[in-house]
Amino acid sequence: MTDATAPDGTRGRGAGGARGHGAEPEGLPDYVRGGRDGLGEAELAELERTWQSPPGFLAWFTHVNHTNIGRRFIITSLVFFALAGLLALAMRLQLAQPLNDVLGPEAYNQVMTVHGTAMMFLFAIPAMEGAAIYLAPLMVGARDMAFPRLNAFGYYVYLIGGTVFFLSLPFGLAPDAGWFNYVPLSSKEFSAGYGIDVWTTMITFIEVSALTAAVELIVTILKLRAPGMSLDRMPIFVWAVLVMSFMILFAMPSVIVASALLMMDRLVDTAFFDAALGGSPLLWQHLFWFFGHPEVYIILVPALGIVTSIVVTFTRRSVFGYAALVLAIVGIGMVSFGLWVHHMYTTGLPLMGRSFFMAASAMIAIPSGVQVYCWIATMWGARVRFATPMLFVLGFFAIFIAGGLTGVMVASVPFDRQVHDSYFVVAHFHYVLVGGSVFPLLAGLYYWFPKATGRMMSERAGRWSCGLVFVGFNLAFFPMHQLGLEGMPRRVYTYLPETGWTLLNQLATAGSAILALGFAITLANAALSLRRGAPAGDDPWDGPTLEWATTSPPLNCNFARQAVVQSGNPVWDRRRAEVSAHVGGLRTDRRETIVTTVLDARPHAVQVLPGPTPWPFVSALVASAAFLGLIFTPWAYVLGFFAAFVTFVLWFWPRRPWRED
Amino acid sequence: MEHRIEVDAAELSRFAPHDHPLWWGILGAVAIEAAVVANLLTSYFYLAAQAEAWPPDGVDPPALLWPTLVLFVLPLSSLTMWWAGKGSDAGRRRQLALGVTASVGLASLALVFRSIQIAEFDIRWDEHAYGSILWAVTGFHYTHVVSAIVGTAVVAVLAWRGYFTPERQLGVVVDTLYWYFVAGVFLPIYLVLYWAPRLL
Amino acid sequence: MRVCRLAAVASAFALAGCDGAGGVLAPASPDARLVASLGWWMFASAIFVLIVTLGLVLVGANLHRRGEPRRISFRASVLLVVAGGVAAPLLAIVAVAISGVVIGDEVEGPGGADGPWIEVRGELWWWEFRYLDEDGEVVAVTANELHLPVGRRARLRLVSDNVIHSFWAPNLQGKTDLIPGKVNLLYAEPETPGTWRGQCAEFCGLQHGLMGFVVVAEPPGDFARWLAAQAEPHRVTEPEGLAVFDRIGCAECHTVRGTSADGEDGPDLTHLASRQTLAAATIPNSRGNLGGWITSTHTIKPGAKMPSRIPEPEDLHALLDFLESLE
Amino acid sequence: MPDIFHLGRDTSPKDGREKVRAAQEGREALTPWLGWVCGPAAWALHQGIGYAMVPWLCDLGTRWPYHLLTVVSTGLCMVGAWAALHALRRSGRVRSERSEGRLRMMALVGLMLCAAALTGIAIEYGASFWLSVCAGIDR
């Protein structure tokens with residue numbers, strides 16, 4: 001690795017600016033000096049121009065490179081995370097005193113609904129997708145995603161849908177029936193106005209973005225892996241992304257169907273959920289939770305992949321039990337589809353039917369246990385580097401395991417009937433989701449920030465942030481277990497003083513403030529480090545997977561030459577053998593990436609990828625208009641269908657000259 | 001550090017229409033839509049199981065004639081689609097264009113049958129959950145057929161203009177794949193909507 | 001305004017011996033006792049597992065000798081993963097499944113069901129309790145206050161004709177939802193006399209937060225006397241107040257059996273004065289609170305369906321006299 | 001032909017002997033997947049249908065359809081496990097230019113998935129014996 005350790009401070013351009021901005025055709029940017037991976041300087045320069053995302057504000061809407069889109073996904077999702085977090089603080093303020101009136105019941109219900117929905121649909125899934133879109137192609141050694149334009153389309157859909165959803169709050173049009181949006185409360189009879197319509201249309205719309213991301217991640221991982229990266233050499237994170245994508249593929253249609261049926265109930269008076277006309281309110285719950293439970297694991301699974309990546313790098317060991325970890329991830333994916341009824345233990349279903357789901361819900365402990373003990377076996381006796389990413393991983397261990405254990409408790413039907421819909425459950429799922437998803441995401445942020453920006457984040461601030469988040473989190477959420485057992489139901493906008501819940505609620509509010517401070521430090525750290533962080537070099541952590549084989553930030557084309565892989569830790573191999581094997585013969589004057597077979601990743605074709613184009617943005621705009629119209633009239637469906645179709649044709653229409661080769 | 005070229009991509013195909021990532025992408029889209037159909041049909045059975053009478057008293061199950069015709073016309077249009085693909089593989093542009101156009105025609109015919117049959121439904125969507133799910137499933141498949149038709153119409157235009165060659169026929173291949181799905185998915189819908197209320 | 005509200009609620013509040021605190025972990029019925037002990041067992045095991053696993057993480061990560069990694073044999077690693085990741089969870093799963101099935105069957109079963117038969121109706125946002133006889137005919141109707149005989153297993157029939165609610169009296173029993181188009185059953189068997197708080201546990205809209213109720217368990221004899229009294233119609237002693245009650249529109253929504261008031265949207269007020277609380281167990285039942293509830297309903301519970309009324313002072317007094325006579 | 005059924009076989013034209021070998025490899029590629037498919041499918045079948053049939057069993061007053069369901073899904077699981085085991089045994093004998101580790105890993109994961117599914121079915125089946133099929137369905 002000639003330039004692995006070369007300090008390269010001039011290169012960090014920050015997360016906001018795409019690599020190659022303002023690069024003139026004549027003057028060579030520094031990072032192509034001397035070529036790379038055996039590719040000459042002039043060729044690399046041409047390749048970089050080919051893969052460049054054009055500069056300028058208007059051109060921003062034409063970008064298709066996965067690094068640009070992935071970065072946008074992550075930043076947008078972090079913005080939504082911050083906003084939804086502020087809503088959480090508002091709720092904690094309201095609950096700090098009994099009969100408080102910081103928020104009235106109307107505002108509280110809207111804030112609660114938007115907080116839950118945004119955290120799930122606008123933060124957690126897109127953040128994981130963003131990480132996957134940014135990292136998975138790099139990790140499998142591809143030049144880009146399989147469908148870069150679809151990728152861009154998905155981003156605009158998410159951006160527009162999420163923004164509209166959030167804007168409903170200041171306009172007082174926000175949904176207020178909870179993120180689970182149970183009928184009949186969300187029916188036209190009990191929720192007039194546009195709030196619920198905003199929920200149903202925007203959720204369906206945003207799911208489109210999740211589905212596009214899932215399809216292209218699957219295809220990218222199955223077909224665009226570097227030659228030699230057979231399935232047993234894929235990084236665990238990539239396995240996790242693959243399983244996540246399949247889960248999205250099979251879970252999201254269920255919520256799309258549910259919200260489409262509700263949309264129809266509200267818009268054209270169908271009777272799916274109207275008990276008086278033969279409908280069934282429980283149908284909504286089945287459909288929603290058949291999506292809703294896998295959803296939790298959709299968020300968790302890639303986080304487990306992040307944890308594995310970090311454990312491997314910071315112990316400098318290959319992971320113990322590769323097959324067992326793959327099994328665990330696939331197993332979690334499998335079991336997650338068989339648990340949804342445990343959200344419905346109290347709806348009066350037959351006991352024997354519920355007993356199936358009790359067994360299945362507890363079953364999730366096995367794959368989770370296998371994961372945790374594989375990590376322990378990997379760390380056992382290793383010289384662990386306790387840098388910030390690893391500290392967040394340790395925090396993840398403590399919180400996630402605690403949340404998992406309460407999860408086993410609520411799997412039990414009789415116990416769940418006591419704590420269901422109480423603050424005990426609020427505590428449980430925040431332990432699982434914040435512990436199992438936000439901690440790994442922050443760990444991943446500290447771990448991959450240098451790769452994405454070329455600069456390190458501050459260790460000192462990172463440690464402070466980790467400590468505060470850990471303490472604040474436990475202070476905020478541990479007392480909620482007790483509150484639930486004392487009888488405090490969820491989703492209450494206030495409580496009476498004589499219930500005796502005041503002190504614990506005050507503790508929780510104090511904890512939430514500390515938690516917010518911890519997050520703010522990381523946010524500030526990231527913002528400051530963009531400019532002031534120490535230069536990172538290609539591989540600051542000595543990581544084993546292919547993303548560390550390119551520059552930081554990655555080249556426009558990701559890799560000057562795509563790698564050929566011989567093991568699961570290609571970068572460590574290279575360092576040991578002082579040899580790197582590559583793919584040659586790809587053209588530099590257009591966007592080409594190698595296509596390989598599904599199982600063994602043997603090369604068999606070359607895919608020519610499209611360059612910058614505004615059509616995905618136009619399509620997304622038209623589709624958004626159609627979905628917005630659906631809030632008001634069913635005819636928007638017909639109109640939007642054909643309008644969107646026209647933009648798709650324009651998008652795919654072959655441009656002359658038709659390629660001949 | 002020694003850099004070695006182990007795989008030479010210069011010789012590899014740039015087209016590979018039958019094995020292109022887009023082929024897999026369409027498969028993904030098909031999986032999503034199949035999941036949607038599965039959800040809708042499961043909802044149908046769920047509502048049926050909750051109901052006291054299914055279809056509700058005084059409502060007849062939808063007539064069999066038109067959907068049964070559709071059941072034959074849609075596979076027939078798949079056949080012409082397959083024939084068009086054969087032509088495309090062999091470089092017979094005329095066969096491709098004719099086949100694709102025939103498919104569009106046949107599917108439009110199916111759409112006409114479907115419309116007649118919808119007009120004959122014994123119940124409106126807002127009268128009972130049975131009517132709601134009947135209309136919803138029918139409407140969903142109707143949309144499928146329409147999108148397959150307009151998509152294939154675009155392919156037909158390109159085919160008549162001579163865009164496709166044996167290498168450059170990805171559009172035909174993926175459109176055919178989606179077409180098979182639209183034709184095939186009618187079978188479970190047909191069985192559930194038209195036979196389940198008669199047999200169960 | 002806020003101060004008023006707090007004062008109105010907090011100052012006079014002394015819910016007679018309400019043992020609400022403690023909830024799940026202060027069981028007052030055999031069912032709740034069983035579930036509480038299940039909870040304790042699971043807690044203890046969970047804490048044990050947490051300590052062992054985190055201990056292994058911390059010990060394992062610090063085992064190296066001054067930066068020299070220590071190898072662990074493949075066999076030992078496999079043992080670690082199989083023991084911690086497969087065997088231990090499997091044991092837990094079997095334990096959870098079996099205990100859950102056995103205890104679930106016990107606490108949800110009719111078990112004799114020798115107590116009263118009560119229909120629980122969830123409203124927006126209050127509770128109606130209808131005491132039924134063997135034929136399912138309504139004997140007495142009350143609101144937000146459930147009386148149960150000690151030592152008898154009452155059968156609760158949970159129904160709703162609006163949105164989904166969930167009936168939860170944690171000291172007695174796990175919760176069960178009230179779902180439109182569906183009838184759910186629940187059994188409640190208090191062991192000792194006492195008063196507990198319960199609350200709606202399924203999000204049901206604006207006033208979900210304050211949709212509470214009171215459970216009063218009393219010896220069977222007292223219960224029978226209470227039920228007989230509740231079944232009686234009201235004998236009018238305050239006709240002036242009743243006239244105000246009619247005039248300002250209370251009768252459109254409220255029933256007072258024995259008078260012409262037969263509205264069905266609001267709680268049955270026939271024995272209002274015998275209840276401990278007002279506004280779905282939000283404020284204690286006193287003359288002052290009653291007046292406050294009528295005149296500034298939406299200050300106490302924003303969004304409540306009851307429109308507030310501000311009668312002339314002498315009318316208000318007559319009305320309160322009437323309401324206080326509803327014993 | 002698209003790659004879907006062959007999952008890794010290359011699509012270039014072959015002579016007769018090549019074709020036979022390619023077909024064998026196609027099967028080789030397929031069998032380890034059986035574990036991945038059969039295990040989860042069996043478990044989903046047992047859980048989904050078992051859950052849906054409870055009210056019906058209560059009306060019927062017997063459990064035999066449920067026993068039958070358990071037998072069928074256990075059988076499906078066994079098929080997957082058998083195929084995975086078969087692939088696992090064979091993984092030692094794979095030609096070296098194909099990834100032996102890949103086949104081994106897939107077979108191993110398939111086998112373990114089947115084991116997990118079987119455990120799930122067993123626990124669900126066992127636990128439900130404490131219950132009457134009509135528990136909780138008294139209208």
Side-chain angles (χ1 to χ4, degrees), chain A residues 99 101 104-106 178 182 184-185 190 275 280-282 320-321 324 346-348 351 355 358-359 362-363 365-366 369-370 372-374 376-377 379-384 397-398 401-402 405 408-409 411-415 417-418 420-422 485-487 489 491-494 497-500, chain C residues 2 6 9-10 13 15 20-21 23-25 35 38-39 42 46 49-50 53-54 56-57 60-61 63-64 67 69-70 72 77 80-81 84-86 89 92-93 96-97 100-101 103-105 107 163-164 166 170 174-177 179-181 184 199 201-206 208-209 302-303:
Chain A
L99 298 173
D101 56 6
E106 282 177 33
Y182 272 8
L185 181 59
F190 297 102
S280 164
L282 280 186
F320 173 79
T346 64
T347 56
L351 250 177
S355 78
M358 178 157 54
M363 278 278 287
I366 293 183
V370 168
V372 168
Y373 277 84
C374 279
I376 292 179
M379 289 196 290
W380 197 267
R383 206 184 86 208
V384 183
F397 270 111
I401 294 173
L405 289 167
V408 174
M409 294 173 74
S412 170
V413 171
F415 187 71
R417 286 182 59 246
Q418 276 287 18
H420 178 80
D421 270 342
S422 77
L485 292 172
E486 286 183 9
R491 301 152 186 159
V492 293
Y493 80 98
T494 193
E498 71 276 7
T499 50
Chain C
R2 179 179 166 196
L6 279 176
V9 176
F13 208 103
L15 240 179
V24 176
L25 298 179
V35 176
L38 174 69
M42 291 200 292
V49 172
L50 183 68
T53 313
L54 286 184
L56 285 174
V57 171
L63 264 184
H64 58 87
R70 274 200 205 178
I72 171 175
S77 299
L80 192 65
V81 172
V86 180
I93 295 163
V96 164
V101 164
I103 295 175
D105 198 28
V107 300
V163 303
I164 299 176
S166 192
K175 59 187 74 64
T176 298
D177 294 355
I179 298 171
N184 283 333
Q199 198 165 338
E202 183 57 83
F203 181 64
C204 57
L206 276 186
H208 165 62

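Convention: sequence-line order gives letters A, B, ...; per-chain numbering from 1.
Of all the heavy atoms in A:F415 and C:V35, the pair that sits closest is CA-CG1, 3.9 Å. Nearest approach of A:P414 to C:G104, heavy atoms of both residues: CG-N, 3.8 Å. Across all their heavy atoms, C:G100 and A:S412 have their closest contact at CA-OG, 3.9 Å. Of all heavy-atom pairs between A:G487 and C:P170, the closest is CA-CG, 4.2 Å. Of all non-hydrogen atoms in A:Y373 and C:G85, the two that sit nearest each other are CD1-N, 3.7 Å. Heavy-atom minimum distance, C:G181 versus A:A275: CA-CB, 3.8 Å.
With a 4.5 angstrom heavy-atom cutoff, C:L80 touches chain A via backbone and side-chain atoms both. For chain C, the nearby parts of A:M409 are the backbone and the side chain; heavy atoms of each come within less than 4.5 Å. Contact of A:V408 with chain C is made through backbone and side chain together, with heavy-atom distances under 4.5 Å. For A:F190, the part lying under 4.5 angstrom from a heavy atom of chain C is the side chain only. With a threshold of 4.5 angstrom between heavy atoms, A:F397 approaches chain C through its backbone and through its side chain. Heavy atoms of C:E202 lying under 4.5 Å from chain A belong to its backbone as well as its side chain. Contacts of C:L54 with chain A are made by side-chain atoms alone, with heavy-atom separations under 4.5 Å and no backbone atom involved. Using a 4.5 Å cut-off between heavy atoms, A:I366 touches chain C through backbone and side chain atoms alike.
When C:V49, C:T53, C:V86 are compared by the number of non-hydrogen pairs under 4.5 Å with chain A, C:T53 comes out ahead. Among A:S422, A:A382, A:G104, A:G178, the residue with the largest count of heavy-atom pairs under 4.5 Å with chain C is A:A382. When each of A:A377, A:P184, A:A398 is scored by its heavy-atom pairs under 4.5 Å with chain C, the top score falls to A:P184. Between chain A and the residues C:I93, C:V96, C:I103, C:V57, the largest count of heavy-atom pairs under 4.5 Å involves C:I93. Heavy-atom pairs under 4.5 Å with chain A were tallied for C:D105, C:L56, C:V101, C:L38; the largest tally goes to C:L56. For chain C, the option among A:E106, A:R491, A:M363 with the highest count of heavy-atom pairs below 4.5 Å is A:R491.
A:R417 is listed as a side-chain neighbour of C:V107, based on a closest heavy-atom distance under 4.5 Å. Between A:F320 and C:I72, every side-chain heavy-atom pair lies at or beyond the 4.5 Å cut-off.
In the model, A:T347 has no side-chain atom that pairs as donor or acceptor with a side-chain atom of C:D177 under 3.5 Å.
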- Query: Passes side chain to side chain contact (heavy atoms under 4.5 Å, CB included), C:Q199 versus A:V492? Steps please.
  - Reply: CA-CA 10 Å; C:Q199 198 165 338; A:V492 293; 3.9 Å; yes
- Item | Test side chain to side chain contact (heavy atoms under 4.5 Å, CB included) applied to C:L206 and A:Y493, step by step | CA-CA 9 Å; C:L206 276 186; A:Y493 80 98; over 6 Å; no
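Here the straight-line distance linking atom CG of A:L282 with atom CD1 of C:I179 works out to 4.5 Å at 0.5 Å rounding. The structure places NE2 of C:H208 at 7.0 Å from CG of A:D421, a figure rounded to the nearest 0.5 Å.
A donor-acceptor contact shorter than 3.5 Å links the side chain of C:K175 to the backbone of A:H420.
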